[in-house]
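Since the structure comes first, as structure tokens, the remarks are kept for the end.
Remember, it's a predicted structure, so these values are computed and weren't measured experimentally.
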Amino acid sequence: MKVFWVFLKISSLTLGGGYAMVPVIQWEVERLGWMKKEEFLILLSAAQSMPGPIAFNTAVLVGKRVAGVLGAILAGVAISLPPFFAIVAVASALRPFLNSTYVRAFLLGVYAAVVGLVFNVLLGLLKRQRWGILKVVVVALGVVLLTVSKNLLYAVFVVSVAVLYLWE
Amino acid sequence: MNLFRLVLIFLKIGFLSFGGGWAVVGILKKELISVGILSAEEFTEMVSIAQMTPGPIALNLATYVGYKYFGFLGGLLNTFFFLLAPSLTIVAVFTIGRRTKLDSARLSRALMAFATIMVIVTLISLSSSRLTDVRFFLIAALVFFALNKFKVHPLVLMFAGGFLGVLLYTNL
């Protein structure tokens with residue numbers, strides 16, 4: 001039950017997306033003595049290599065470690081509840097104003113800011129990897145194929161991951 | 001459009017959300033617009049709102065689309081199904097992981113490359129409708145610069161971007 005409250009607290013107090021949440025989770029986990037730093041880092045890399053939002057995956061894995069399957073479920077629910085209600089609240093509050101010129105301009109400005117942030121995420125990803133010719137070719141091909149047709153999603157996924165796994 | 005179809009799209013894409021939420025936003029945009037669930041305009045609104053509220057972006061998108069078109073239940077179901085795929089994968093990895101030998105460092109490097117593909121696609125798809133808009137890229141560049149040079153908190157930058165938007169896009 002403690003797992004539930006800890007993650008509920010983290011999730012409701014952390015603004016700014018999943019990557020902002022991870023350091024807070026780490027801090028809490030170490031403070032409560034649930035895990036050592038190395039242990040958490042191993043867990044984090046596991047969370048990164050699975051599909052799903054990173055903060056959610058990390059929470060579920062920590063929950064499982066601390067209190068078994070029940071802990072995992074509680075942690076998952078706790079981390080998703082606050083965003084859920086925040087979205088519902090914001091969506092209902094904004095609804096009457098969505099046709100206002102100012103609100104539209106504000107949202108468009110935020111959208112532009114998002115593009116700047118995503119570019120930064122991309123830069124981080126590019127820097128963290130070793131780049132060979134093969135990888136550049138696979139990534140470039142994948143981007144072109146997915147831009148042309150979204151139906152190739154699974155094909156691109158399977159082929160690119162398989163090729164890079166076998167060759168790297 | 002019906003709720004079932006929407007939930008199915010999010011369930012499907014949930015399985016491929018390696019490398020954080022931004023990886024799937026581009027694909028989500030394509031899917032949602034091509035089946036006529038959202039217009040490009042509505043998508044802009046959605047991404048902005050999802051980013052300004054607490055929580056991971058992809059999860060917030062799932063909740064917001066569900067809630068906007070199908071009310072409380074829609075938001076709840078869409079969120080649940082989007083998280084179902086990651087949850088099942090975690091369980092599966094724990095059960096299978098003990099028996100088979102897979103070089104996890106190698107696998108995560110391969111997955112990271114796939115995430116790179118997805119984030120590039122997201123970036124293209126987010127900016128493709130605004131290629132000739134100088135103001136748009138000005139805001140994006142400023143945000144990127146402030147983030148890198150001065151380590152300004154992303155949330156502050158979101159609001160700054162919003163106010164810049166009001167200044168640039170309305171003729172005060």
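Within the 4.5 angstrom heavy-atom criterion, only side-chain atoms of A:Val90, from C-beta onward, approach chain B. Both the backbone and the side chain of A:Thr147 come within contact range of chain B, judged by heavy atoms closer than 4.5 Å. Contacts of A:Leu61 with chain B are made by side-chain atoms alone, with heavy-atom separations under 4.5 Å and no backbone atom involved. Contact of B:Leu138 with chain A is not made at all, since no heavy-atom distance falls under 4.5 Å. Looking at A:Val161, both its backbone and its side chain come within 4.5 Å of chain B, counting heavy atoms on both sides.
Between chain B and the options A:Thr101, A:Val60, A:Leu98, heavy-atom pairs under 4.5 Å are most frequent for A:Leu98. When the candidates A:Leu153, A:Leu126, A:Leu141 are compared by the number of heavy-atom contacts under 4.5 Å with chain B, A:Leu153 comes out ahead. Note on A:Asn120, A:Leu146, A:Asn57: by heavy-atom pairs under 4.5 Å with chain B, the leading option is A:Asn120.
Listed by chain and residue number, nothing satisfies the salt bridge (charged side-chain N to carboxylate O under 4.0 Å, His left out) test with A:Lys2 (two or more places apart in sequence, or in another chain). Annotation: salt bridge (charged side-chain N to carboxylate O under 4.0 Å, His left out) contacts of B:Lys68 (sequence neighbours excluded): B:Glu45. Judged as a salt bridge (charged side-chain N to carboxylate O under 4.0 Å, His left out), and not counting sequence neighbours, the contacts of B:Glu41 are A:Arg104.
Proximity to chain B among residues 28-38 of chain A is not found for any residue, judged by heavy-atom separations below 4.5 angstrom.
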Show your reasoning for whether side-chain hydrogen bond (donor to acceptor under 3.5 Å, both in side chains) applies to B:Thr79 and B:Tyr67.
-> CA-CA 10 Å; B:Thr79 312; B:Tyr67 179 72; over 6 Å; no

